[in-house]
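What follows is a short report on a single structure.
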Amino acid sequence: MRSLFHKTIGFCLLGVAVISCQDKEDPNYQYMPDMYESVGYETYGEYEVFENGQEAKLPVEGSVPRGWLPYDYENNAQGYEAAKANLNNPIPYTEDNLAEGRALYTIYCAVCHGDKGAGKGILVEREKILGVPSYDDAGRAITEGSVYHVMYYGINNMGSYAAQTTIKERWQIDHYVMSLKDKLEGKPEREFEEETEQPTQLLPSRADANLYDDAGDINSEQENQNNQTETQE
């Protein structure tokens with residue numbers, strides 16, 4: 001019994017010594033090292049184990065990044081008309097959203113469209129740019145959808161603002177543009193809505209709709225310009 005007791009004490013002390021010397025950064029013995037240390041490949045390296053010999057691959061066709069939804073309206077006349085007719089502002093018309101929209105409009109839009117949206121911005125007054133229409137132009141009859149579409153893609157002399165603004169910011173600007181349109185048309189001021197507790201699912205930020213196309217299949221810039229409408233928001 002005494003011998004068994006001494007052996008037990010000895011094993012316990014040995015176990016404590018082994019554990020105390022263990023390095024957490026060192027996995028000790030690796031019975032299956034490939035499960036611990038994967039083979040590293042350079043992103044654009046050439047390796048026989050991959051199809052076509054290249055490690056870098058395009059995502060599976062039809063897949064989208066987590067938290068991202070594709071913008072379903074194309075950058076052409078048909079896409080513009082579809083957005084104009086069907087796309088609505090998803091964020092509530094609140095005092096805060098309108099105030100943010102006004103601040104952003106002053107930064108990005110007023111220089112051409114003017115503080116009142118009448119197309120008399122400082123660049124127009126100095127004749128640096130011409131043909132900027134008023135928001136109440138009956139021939140264009142802008143809507144929430146058409147305003148957002150033009151901010152997303154740009155049109156004619158106006159470039160895209162998708163890189164400079166977030167999704168929510170563009171919709172906030174959209175609210176303010178439509179409020180300027182109402183004032184120019186003499187309509188009563190729109191009543192504010194209450195902020196909803198449930199978050200609103202917004203459209204995506206700037207992303208290439210032809211993400212999975214080969215470089216040779218992507219329309220050239222000239223072709224895109226030919227598809228643009230003659231409308232200037």
Side-chain angles (χ1 to χ4, degrees), residues 64-119 121 132-137 140-185 187-211 224 228-229 231-233:
V64 296
R66 185 185 298 273
W68 184 89
L69 292 175
Y71 184 65
D72 293 329
Y73 301 95
E74 297 181 356
N75 185 21
N76 53 35
Q78 293 74 25
Y80 173 87
E81 292 299 332
K84 183 176 182 178
N86 304 313
L87 184 58
N88 297 313
N89 197 324
I91 67 174
Y93 186 82
T94 64
E95 188 173 359
D96 288 341
N97 282 333
L98 188 65
E100 289 293 333
R102 178 178 182 177
L104 293 164
Y105 178 90
T106 302
I107 295 171
Y108 297 112
C109 313
V111 66
C112 291
H113 292 276
D115 292 331
K116 298 181 179 180
V132 179
S134 176
Y135 289 142
D136 65 342
D137 182 63
R140 290 168 173 81
I142 63 173
T143 66
E144 292 178 344
S146 68
V147 171
Y148 186 91
H149 190 80
V150 169
M151 282 192 289
Y152 188 85
Y153 285 118
I155 194 170
N156 298 332
N157 291 328
M158 176 179 166
S160 168
Y161 282 85
Q164 296 95 323
T165 56
T166 65
I167 309 167
K168 185 175 182 179
E169 287 174 342
R170 291 194 293 278
W171 282 121
Q172 288 171 332
I173 295 173
D174 195 297
H175 270 324
Y176 188 68
V177 167
M178 297 307 294
S179 73
L180 292 178
K181 177 178 182 289
D182 289 342
K183 289 180 181 179
L184 290 168
E185 293 177 344
K187 295 181 179 179
E189 188 172 346
R190 179 179 174 183
E191 294 184 2
F192 291 120
E193 303 171 5
E194 294 184 2
E195 186 73 53
T196 58
E197 295 182 0
Q198 186 175 4
T200 304
Q201 185 176 12
L202 300 177
L203 291 172
S205 56
R206 184 66 166 172
D208 187 0
N210 298 321
L211 185 62
N224 286 332
Q228 290 284 5
T229 67
T231 306
Q232 172 73 40
E233 287 293 295

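Basis for what follows: all heavy atoms, side chains included, without hydrogens, waters or symmetry-related copies.
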Considering non-hydrogen atoms only, spot the tightest contact between His149 and Glu74 and give its length.
-> CE1-O, 3.2 Å
Is there a donor-acceptor pair under 3.5 Å between the side chain of His175 and the backbone N or O of Glu100?
-> no
Identify which one of Tyr71, Tyr73, Tyr161, Tyr80 satisfies the ring-ring contact (aromatic ring centres under 6.0 Å, His included) criterion when paired with Tyr153.
-> Tyr71
Atom of Cys112, atom of Val132 and distance for their closest heavy-atom approach | O-CG1, 3.7 Å
Short question: side chain of Arg170, backbone of Tyr152 - any donor-acceptor pair under 3.5 Å?
-> no
Under the 3.5 angstrom rule, does the side chain of Thr94 hit a backbone N or O of Glu194 as a donor-acceptor pair?
-> no
Atom pair CD (Gln78) and CG (Asn76), whose distance is rounded to the nearest 0.5 Å | 4.5 Å
Rounded to the nearest 0.5 Å, what separation is found between the OG1 atom of Thr143 and the CG atom of Leu87?
-> 7.5 Å
Value rounded to 0.5 Å, distance of CD1 in Ile142 from NZ in Lys181 = 6.0 Å
Look up atom OH in Tyr135 and atom NZ in Lys183, then write down how far apart they are to the nearest 0.5 Å.
-> 13.0 Å
Is the backbone N or O of Tyr93 less than 3.5 Å from a side-chain atom of Glu193, with the two atoms forming a donor-acceptor pair by type?
-> yes
Here the pair of heavy atoms bringing Leu98 nearest to Ser179 is CD1-OG, 3.9 Å
At their closest point, which heavy atom of Asn97 faces which heavy atom of Pro92, and how far apart are they?
-> ND2-O, 2.8 Å
Take atom CG of Asp115 as the centre, draw a 6.0 Å sphere, and report whether it contains more than 12 heavy atoms from other residues, nucleotides or ligands.
-> no
Rounded to the nearest 0.5 Å, what separation is found between the CD atom of Gln164 and the CG atom of Leu104?
-> 11.5 Å
Identify the two heavy atoms, one from Glu185 and one from Asp136, that lie closest to each other, and give their separation to 0.1 Å.
-> CG-CB, 3.6 Å
Minimum side-chain heavy-atom gap Tyr148-Ile167 below 4.5 Å | yes
Measure the spacing between OG of Ser134 and CZ of Arg140 and express it to the nearest 0.5 Å.
-> 10.0 Å
Heavy-atom pair with the smallest gap, counting every atom of Thr166 and Glu169 | N-OE1, 2.9 Å
Going by heavy atoms in the side chains, are Cys109 and Val177 under 4.5 Å from each other?
-> no
Is the backbone N or O of Trp171 less than 3.5 Å from a side-chain atom of Asn89, with the two atoms forming a donor-acceptor pair by type?
-> yes
